[in-house]
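Quick note: numbers below take in every heavy atom, side chains included, and nothing from hydrogens, waters or symmetry partners. No experiment lies behind these values; they were computed from the predicted model shown. Lettering follows sequence order; numbering is per chain, from 1.
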Number of protein chains: 4
Amino acid sequence: MATFDVVLEGAAHILETKGLHGFNTNAVARQAGVSIGSLYQYFPSKEALLVELIRRKRTALIEKMQDASSRLEASDLRTIADGLVRAGIAHWVERPELARSLEYAETTLDLGPETEALKRQIVVVVAKALAPHGVENPETAARDLAALTRGMADSSGPFGKADVSQLEQRVRRAVYGYLGISDSNPLTSVRR
Amino acid sequence: MATFDVVLEGAAHILETKGLHGFNTNAVARQAGVSIGSLYQYFPSKEALLVELIRRKRTALIEKMQDASSRLEASDLRTIADGLVRAGIAHWVERPELARSLEYAETTLDLGPETEALKRQIVVVVAKALAPHGVENPETAARDLAALTRGMADSSGPFGKADVSQLEQRVRRAVYGYLGISDSNPLTSVRR
Amino acid sequence: MATFDVVLEGAAHILETKGLHGFNTNAVARQAGVSIGSLYQYFPSKEALLVELIRRKRTALIEKMQDASSRLEASDLRTIADGLVRAGIAHWVERPELARSLEYAETTLDLGPETEALKRQIVVVVAKALAPHGVENPETAARDLAALTRGMADSSGPFGKADVSQLEQRVRRAVYGYLGISDSNPLTSVRR
Amino acid sequence: MATFDVVLEGAAHILETKGLHGFNTNAVARQAGVSIGSLYQYFPSKEALLVELIRRKRTALIEKMQDASSRLEASDLRTIADGLVRAGIAHWVERPELARSLEYAETTLDLGPETEALKRQIVVVVAKALAPHGVENPETAARDLAALTRGMADSSGPFGKADVSQLEQRVRRAVYGYLGISDSNPLTSVRR
DNA sequence: AATGAATGAGTGTTCATTCAT
DNA sequence: TATGAATGAACACTCATTCAT
């Protein structure tokens, strides 16, 4: 792995284990097994590390969403929703501590316009998948569904495989409700 | 206002405007219009400020939830859900930047057992309101609904009054879906 | 006990238990059960506390030495030496931690001329007791004997009654040697 | 000289001239002509500086004592005592202000077990030199003689060469007395 | 490229002292 | 007289960044 990536992975590891609080360039360099000088040859500043990590995370999410939505283009809304939820949860469940720190870092950081654009692009991709099925305000819906998924995933602690599939089911219920899709698996056991 | 509260409000203000990144004791003292020595007469450390802010935020949320749930005790699940959602959103919409920083700070901080307990208590209060209406796993449901609400509120940017009521409606849809309550106001205009 | 003395005893206690390192006016006031304001009504500064403690310690030593030397005025050198040693050791063995801190504090402090004079007076008192018995350079001898006694007492750790009398005997041997008094209780069992 | 030693010498200089009272890391760095950051690259804390100075002082004393005692192994007790006294005084007369501060610092500091051991080793070395000549309780004797020497040296103010040799002679008298060696140079001119 | 010693502005915290009540 | 809240200079220590090798 090239130095660039070694450093970036070191940064990710520190964020994951120590959070933003323990994130400093010396720690990152040490973790990456690289000198502090080398770190600065690839990244002009501490912030640049965060920006790059955010950029990658966003790009990966866009790809996942794009994938799901092109694969399911022809399907009905429920199937599309299922796919997006699955992709979204897969995303947030992978290195959740890292994700959390990056999410928080975004709020303070000055990401470049290019990285800002990625955020909008996620929304656009999801909105495009929802729009053809009569969802009103598809951009708002996209943002809401992403937020809802991220919120639930983030609050659900450390995961096993079974946990993830249960989480998925719960998120699906909320998403169906949001989108007005009637659910065949209601949570409350209502007498009919 | 007593010095204790002045300092705490200074801390809240800094978190709100500068985030955890700009949160340092000198800045807090300056913002509060108080000397650094005075700050340390009331708070033994920088962390203690965060802990107290978190404690207050949690206590306030518990009260709101408790209020809503006792006021609506006799009502049906939908009405209770509406009340909880309204209270939850009211909570997250108030000083959202502050809330975000505190949420993140929690992950690194060593809150005392007393403050930890508050987190569980929120879940318990909500779960108690849901349980009598046939909601399975009421604690998980409580956690999920809180997370979903917080996630959506957090992602919805700065708010006007109208925005809040729209947000509330969108959250309600997701919550109804999660709880298996059929919605009379579907988002998608589906032909029936 | 008057406030003045209460504070002073608080200061002594802190020095004894925490050393100069932990000696601060707030700690002293707390230990004395007095407000910091009251402390400053009796002592103009932190240093003033130390100076007064030193003054008292010196005065007490002078008195002990004076006592011994007037009581033994008519005796021979050995008896006088015994008395001075006994008094000196009694002095250093009482609150030795306190004594150690005060001794060190002296080196940095600007004691007033009056307190400086006390130091010389101790030497003078002892020298006066030694001079009539043919001791050369009685002032140097006085200083040496005091230093030797203090050194040995200080290095001999925490004391029981038996320890003190053993210490006394050992110091006496050194003092006899210094003064050229032949010892009837030699340490080494030399075959002659 | 490497930075490590430069800093250490700066620390020694400050202790010597300002005492523990004026001993702060910024002053040390300034004195050493080094940035505060550099100081902390070599010493993890202010205390570490003191510990290292103490360690070095003790090691040097052990060496001196070891030297003297191996050189004089075959000699009689008086010659050995002379050697140890000379070495001891040479030690305490060199930078006495520094020595005084380090001695006091010891009482508050948490020296590591390794550095604690050095203190015992000094006693052991001296005791080993004394034991073969019929000195009872050689460890106590070693401690006493060290204390007596240090006490007298410390109280004897600033030194010229002549002063040192006079001091040596006076200490020797006390030591002879302590060890039960008859002195050929008595201080008191007793008629025989 | 890579290194890592060096820098120093910045931050958390302490504590002697003051002064209004 | 007594109180103790308030002050802020001073100090311990960190960490982003540079630069000579």
Side-chain angles (χ1 to χ4, degrees), chain A residues 2-4 6-7 14 21-30 32-50, chain B residues 2-4 6-7 14 20-30 32-50, chain C residues 2-4 6-7 14 21-30 32-50, chain D residues 2-4 6-7 14 21-30 32-49:
Chain A
T3 303
F4 187 91
V6 170
V7 170
I14 296 285
H21 180 76
F23 182 71
N24 68 67
T25 52
N26 289 289
V28 168
R30 200 177 322 118
V34 149
S35 76
I36 183 67
S38 289
L39 185 153
Y40 275 90
Q41 253 168 24
Y42 292 94
F43 298 90
S45 72
K46 176 181 166 172
E47 276 69 36
L49 283 164
L50 292 171
Chain B
T3 304
F4 187 91
V6 170
V7 171
I14 295 285
L20 277 169
H21 179 75
F23 183 70
N24 68 66
T25 52
N26 290 291
V28 168
R30 200 176 321 118
V34 148
S35 76
I36 184 65
S38 286
L39 185 155
Y40 276 93
Q41 248 173 29
Y42 294 93
F43 299 92
S45 70
K46 177 181 166 170
E47 277 71 36
L49 282 166
L50 293 171
Chain C
T3 304
F4 187 92
V6 170
V7 170
I14 295 285
H21 179 76
F23 183 70
N24 69 67
T25 51
N26 289 289
V28 168
R30 201 178 319 119
V34 148
S35 76
I36 183 66
S38 288
L39 184 153
Y40 274 90
Q41 251 166 25
Y42 292 94
F43 298 91
S45 72
K46 177 181 166 173
E47 276 69 36
L49 282 165
L50 292 171
Chain D
T3 303
F4 187 91
V6 171
V7 170
I14 295 286
H21 179 75
F23 182 69
N24 69 66
T25 51
N26 290 292
V28 168
R30 201 175 321 118
V34 147
S35 76
I36 184 64
S38 287
L39 184 155
Y40 277 94
Q41 248 173 26
Y42 293 94
F43 299 91
S45 69
K46 176 181 164 169
E47 278 70 34
L49 282 166

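In terms of position on DNA chain E, the residue among T3(D) and G37(C) whose nearest nucleotide sits closer to the 5' end is T3(D). Between V34(B) and E47(A), the residue anchored closer to the 5' end of DNA chain F is V34(B), taking for each the nucleotide with the nearest heavy atom. Nearer the 5' end of DNA chain E, as judged by each residue's closest nucleotide, is the contact made by G33(A), out of G33(A) and P44(C). Taking the nucleotide of DNA chain F with the nearest heavy atom to each of H21(D) and L39(C), the more 5' of the two is matched to L39(C).
Distance check: Y40(C) OH to L49(C) CG gives 8.0 Å after rounding to the nearest 0.5 Å. Here the OG1-CZ distance, from T25(C) to F43(C), works out to 12.5 Å after rounding to the nearest 0.5 Å. In this structure, CG in L50(B) is found 6.5 Å from CG in L20(B), a value given to the nearest 0.5 Å.
Between Y40(B) and dA6(F), a side-chain N or O to OP1/OP2 separation shorter than 4.0 Å is absent. In this structure, S35(B) does not reach the dG8(F) phosphate: none of its side-chain N or O atoms is under 4.0 Å from OP1 or OP2. Dashed line: the shortest gap from a side-chain N or O of Y42(B) to OP1 or OP2 of dA6(F) is under 4.0 Å. At the phosphate of dA1(E), neither OP1 nor OP2 sits under 4.0 Å from any side-chain N or O atom of Q41(A).
The distance between atom CG of N24(D) and atom P of dC11(F), rounded to the nearest whole Å, is 5 Å. Summarising the geometry, the separation between CG on L49(C) and C1' on dA16(E) is reported as 12 Å, rounded to the nearest angstrom.
Ranking dT13(E), dT3(E), dC13(F) by closeness to the K46(B) side chain, first place goes to dT13(E). Nearest nucleotide to the side chain of N26(D), out of dC11(F), dT17(E), dA1(E): dC11(F). The side chain of T25(B) sits closest to dT13(E) out of dT13(E), dA16(E), dA5(F). The nucleotide whose nearest atom lies closest to any side-chain atom of S45(B) is, among dA2(F), dT17(E), dT13(E), dT13(E). When each of dA9(E), dA9(F), dT3(F) is scored by its nearest atom to the side-chain atoms of I36(D), the top-ranked nucleotide is dA9(E).
Side-chain atoms of I14(D) and N24(D), non-hydrogen and from C-beta on, never get closer than 4.5 Å to each other.
The residue F43(D) sits apart from the nucleic acid: no heavy atom pair falls under 4.0 Å. Contacts of F4(D) with the nucleic acid, taken as non-hydrogen atoms under 4.0 Å apart, are absent.
dT21(E) is paired with dA2(F) under the Watson-Crick or G-U wobble criterion, all donor-acceptor distances under 3.5 Å.
Listed here is the closest heavy atom pair of G22(A) and A27(A): O-CB, 4.2 Å.
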